[in-house]
Protein chains: 2
Amino acid sequence: MARVGLSGARLAQAGAELADEVGFEQVTVSALARRFGVQVASLYSHVRSSDDLKARIATVALTELADQVAAALAGRAGRDALHALADVYRDYARAHPGRYAATRHTAAASVLGEQYVAAGRRHSELVRAVLRGYDLGEPAQTDAVRLLGSTIHGYITLELAGSFAHSEPSAGDSWPRIIDALDTLLRSWS
Amino acid sequence: MARVGLSGARLAQAGAELADEVGFEQVTVSALARRFGVQVASLYSHVRSSDDLKARIATVALTELADQVAAALAGRAGRDALHALADVYRDYARAHPGRYAATRHTAAASVLGEQYVAAGRRHSELVRAVLRGYDLGEPAQTDAVRLLGSTIHGYITLELAGSFAHSEPSAGDSWPRIIDALDTLLRSWS
DNA sequence: TGGAATTACCTAAAGGCTTTAGGCAAATCA
DNA sequence: TGATTTGCCTAAAGCCTTTAGGTAATTCCA
């Protein structure tokens, strides 16, 4: 019986690819086993449960996305940084819809590891770093974090769901104008 | 064999209630049959498939929500209308998380009926009605529809997921300030 | 009003996903 | 090279979906 070389990390990685192909919700332990040409039960040595697998995929995605945000933000500030931040999220979601969906997968905290929490914290910090380019005290800064997160995530979700598909202007045209509007808003936040 | 009085409409209604109790993703034909004290197969006379059931629940929720928005908007304009619109969405999502999730459930267009499409159109029109209180041409108005939809939906999603739970200020305090910020933004949209 | 037609719900069964238990063989290590 | 660990396997139970075909309750209407 040839060994394929399964491991928690490889399963999470392959699971992320599978999610992009068939959708995060359609990722199953069975489908992943099929992809490795292996019996389903074999995966349970590396993954505690289906939820555990999904949590691992979420962690892979959230971490990868934080890396990309950090890279895009290097050397930028103000409006420039805001656009870079927003674009990374949107581009990532379009390139990797399954992984993006995974990042928004809220599982029972029990299966979410510390890596997941750490990646989540990195995202918060990166958004706050962008906001340093604007002059906000508290609680305005927290409000602004929530506004940015909501608008960016909301737009991406609706666009991915096809809500903007059948009308003019294209989703890609509205996007920079909306981010610019947020920039203006942050600049004059009372 | 006593008849329980099943029908497509009753199943959709009961399914909506079930969704609020256990979460939209956890709604299954089996669970619904159990709730009616009836064999699973019996439901398939009234509902084409599990996806069909979910689409019906989505339609119930989307329609109900449009009714509430329309009622709340009556006699209001400008900032007042914007807050009313936003609050109805948020309050509905908090009161009926399962139904709200259902409204965001994008199924294969094949199972989504015309009622669903009609309810979706009503929502668009209601948002545009609110925007009539601001002075926007095209494409600014469409951008604004997308901005409002994204921010409101994004905020609700993140709040429901618990993203705002463990920090100050409370999610309920940020909300009106964010909506006010959007009002300011719309007023001065370039 | 009583028989015919319709309709509501049932049993049976096949196929898929999850998860646990226990086993053999391949890799690793002394 | 023998002992141990570990990777993958078979088997099986439980739950969900969906289809096929049957029986009984209701409705229709002559």
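Chain identifiers are assigned alphabetically (A, B, ...) following the order of the sequence lines, protein sequences preceding nucleic acid strands; residue numbering begins at 1 within each chain.
Rounding to whole angstrom units, CG of residue Leu11(B) and P of dT17(D) are separated by 13 Å. Rounding to whole angstrom units, CZ of residue Phe36(A) and C1' of dG7(D) are separated by 14 Å. Taking atom NE2 of His46(A) as the reference point, atom P of dT5(D) lies 18 Å away to the nearest angstrom. Residue Leu43(A) contributes atom CG, which lies 18 Å from atom P of dT6(D) at whole-angstrom precision. Atom CD of Glu25(B) is separated from atom P of dC16(D) by 15 Å (rounded to the nearest Å). Across the protein-nucleic acid pair, Leu32(A) atom CG and dG16(C) atom C1' stand 16 Å apart, rounded to whole Å. Distance Asp52(B) CG to dT19(D) P: 11 Å, rounded to the nearest Å. As a whole-Å value, the separation of Arg10(B) CZ from dC9(C) C1' is 14 Å.
For Tyr44(A), taking side-chain heavy atoms from C-beta onward, the closest of the listed nucleotides dC16(D), dT19(C), dA8(C) is dT19(C). If you check dC8(D), dT19(C), dC16(D) against the side chain of Val40(A), the one that comes closest is dT19(C). Checked against dC9(C), dC9(D), dC16(D), the side chain of Val38(B) finds its nearest nucleotide in dC9(C). Taking the side chain of Ser45(A) as heavy atoms from C-beta on, and the options dC16(D), dT18(C), dC8(D), the nearest nucleotide is dC8(D). Out of dT19(C), dC8(D), dT18(D), the shortest distance to the side chain of Ser42(A) is found at dC8(D). Side chain of Gln39(B), nearest nucleotide from dT18(C), dC9(C), dT11(C): dT11(C). Closest to the side chain of Ala41(A), out of dT18(D), dA21(C), dC9(C), is dA21(C).
Side-chain contact between Val145(B) and Ser124(B): absent, with no pair of heavy atoms (C-beta onward) separated by less than 4.5 Å. Looking only at side-chain heavy atoms (C-beta outward), Tyr134(B) and Leu82(B) come within less than 4.5 Å of each other.
Counting only N and O atoms by type, the side chains of Ser42(A) and Arg3(A) include no donor and acceptor under 3.5 Å apart.
Hydrophobic cluster membership is shared by Leu43(B) and Ile57(B), with clusters built from Ile, Leu, Val, Met, Phe, Trp and Tyr side chains linked at under 4.5 angstrom.
In this structure, Ser30(A) reaches the bases: a heavy-atom distance under 4.0 Å links it to at least one base atom across the strands shown. Contact annotation for Val4(A): backbone-only contact, meaning every heavy-atom pair under 4.0 Å involves sugar-phosphate atoms and none involves a base.
For dT18(D), neither phosphate oxygen OP1 nor OP2 lies less than 4.0 angstrom from any side-chain nitrogen or oxygen of Arg48(B). The shortest distance between the side-chain N/O atoms of Arg34(B) and the OP1/OP2 oxygens of dC16(D) is below 4.0 Å.
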- Before giving the answer on salt bridge (charged side-chain N to carboxylate O under 4.0 Å, His left out), spell out for Glu21(A) and Arg35(A) the whole-Å C-alpha distance, their side-chain angles and the decisive distance to 0.1 Å. CA-CA 12 Å; Glu21(A) 291 167 30; Arg35(A) 164 159 303 212; 2.6 Å; yes
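Contact of Arg3(B) with dT7(C) (side chain to base): a donor-acceptor pair of N or O atoms is detected under 3.5 Å.
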